[in-house]
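Residue numbers start at 1 and run along the sequence shown. Quick note: numbers below take in every heavy atom, side chains included, and nothing from hydrogens, waters or symmetry partners.
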Amino acid sequence: MKKMIDIDFGSARYDELVELRYKVLLEPLGLKFLDSYRQKEIGYLHIGCVESLDDKLVGGLMMVPLNDKEIRMMQVAVDGKYQREGIGHQMIAYAEKRAKEAGYSRLIMHAMLSVVHFYEKLGFRAEGDIFEENGITFAKMVKDL
């Protein structure tokens with residue numbers, strides 16, 4: 001059984017989330033997580049998915065307020081051992097719920113081209129041109145809440 005949780009910035013669980021994001025998203029691309037980035041994440045909403053049996057963090061993401069109406073979802077990561085179990089769907093649903101509760105009406109994200117179809121199935125739509133950031137090609141995806 002999995003459960004969704006909010007993660008406090010600076011907590012031990014936050015450190016686990018940073019490590020998971022690095023392991024799943026950055027390391028395979030040869031990128032590093034710089035500790036200087038942590039300070040930028042203070043005001044972000046951090047969400048995790050834990051395995052209820054052993055309290056292990058198996059997924060997570062963060063959401064960055066852009067303005068009064070829009071929030072950006074970033075660095076959606078699921079541990080490779082737990083992929084294809086619906087955790088990504090559960091985390092996105094929880095993120096949408098939390099964004100609505102916080103008063104946001106639009107969720108924005110930059111999806112690598114390999115996962116655009118996943119987000120389209122969840123109701124996101126591509127907006128604008130495909131672009132490159134840090135050598136990775138993305139599509140801007142949006143969803144009205």
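Hydrophobic clustering, with ILVMFWY side chains joined whenever heavy atoms are under 4.5 angstrom apart, keeps Leu45 apart from Met74. Met73 and Met62 end up in different hydrophobic clusters when Ile, Leu, Val, Met, Phe, Trp and Tyr side chains are linked at under 4.5 Å. Hydrophobic clustering keeps Tyr44 apart from Leu145 (ILVMFWY residues linked when any side-chain heavy atoms are closer than 4.5 Å, directly or through intermediates). When hydrophobic clusters are built by joining Ile, Leu, Val, Met, Phe, Trp and Tyr residues whose side-chain heavy atoms come closer than 4.5 Å, directly or via intermediates, Phe9 is grouped together with Val50.
Side-chain atoms of Asn67 and Tyr104 include no donor-acceptor pair closer than 3.5 Å.
Contacts of His110 classified as side chain to side chain contact (heavy atoms under 4.5 Å, CB included), with partners at least two apart in sequence or in another chain: Arg72, Phe131, Glu133, Phe138, Lys140. Applying the side-chain hydrogen bond (donor to acceptor under 3.5 Å, both in side chains) criterion to Tyr119, with sequence neighbours excluded, gives no partner residue. Every residue was checked against the salt bridge (charged side-chain N to carboxylate O under 4.0 Å, His left out) condition with Lys69, not counting sequence neighbours, and none meets it.
Using a 4.5 Å cut-off on side-chain heavy atoms (C-beta onward), Val64 and Glu41 make no contact.
Within the model, atoms CZ of Arg21 and CD of Glu19 stand 11.0 Å from one another, a figure rounded to the nearest 0.5 Å. To the nearest 0.5 angstrom, Ile87 atom CD1 is 7.0 Å from Met4 atom CE.
Evaluation of the ring pair (Phe, Tyr, Trp, His ring centres under 6.0 Å) test over residues 56-83, restricted to residues two or more places apart or in two chains, returns none. A salt bridge (Lys or Arg N to Asp or Glu O under 4.0 Å) check over residues 108-125, counting only residues at least two apart or in different chains, returns the pairs Arg125-Asp144.
Shortest non-hydrogen contact noted between Ile47 and Ala95 is CD1-CA, 3.7 Å. Contact record, Ala139 with Val116: CB-CG2, 3.9 Å, taken as the closest heavy-atom pair. Of all non-hydrogen atoms in Gly48 and Leu57, the two that sit nearest each other are CA-CD1, 3.9 Å. Counting all heavy atoms, side chain and backbone alike, Pro65 lies closest to Ile71 at N-CG1, 3.7 Å.
Among the candidates Lys81, Lys56, Lys2, Lys3, the single residue satisfying the salt bridge (Lys or Arg N to Asp or Glu O under 4.0 Å) test with Glu51 is Lys2.
Look at Glu101 and Lys97 and you find a salt bridge, because one of the NZ, NE, NH1 or NH2 atoms lies within 4.0 Å of a carboxylate O, short of that distance.
In this structure, Val142 belongs to a hydrophobic cluster whose other members, linked by side-chain heavy atoms under 4.5 Å apart, are Leu66, Ile108.
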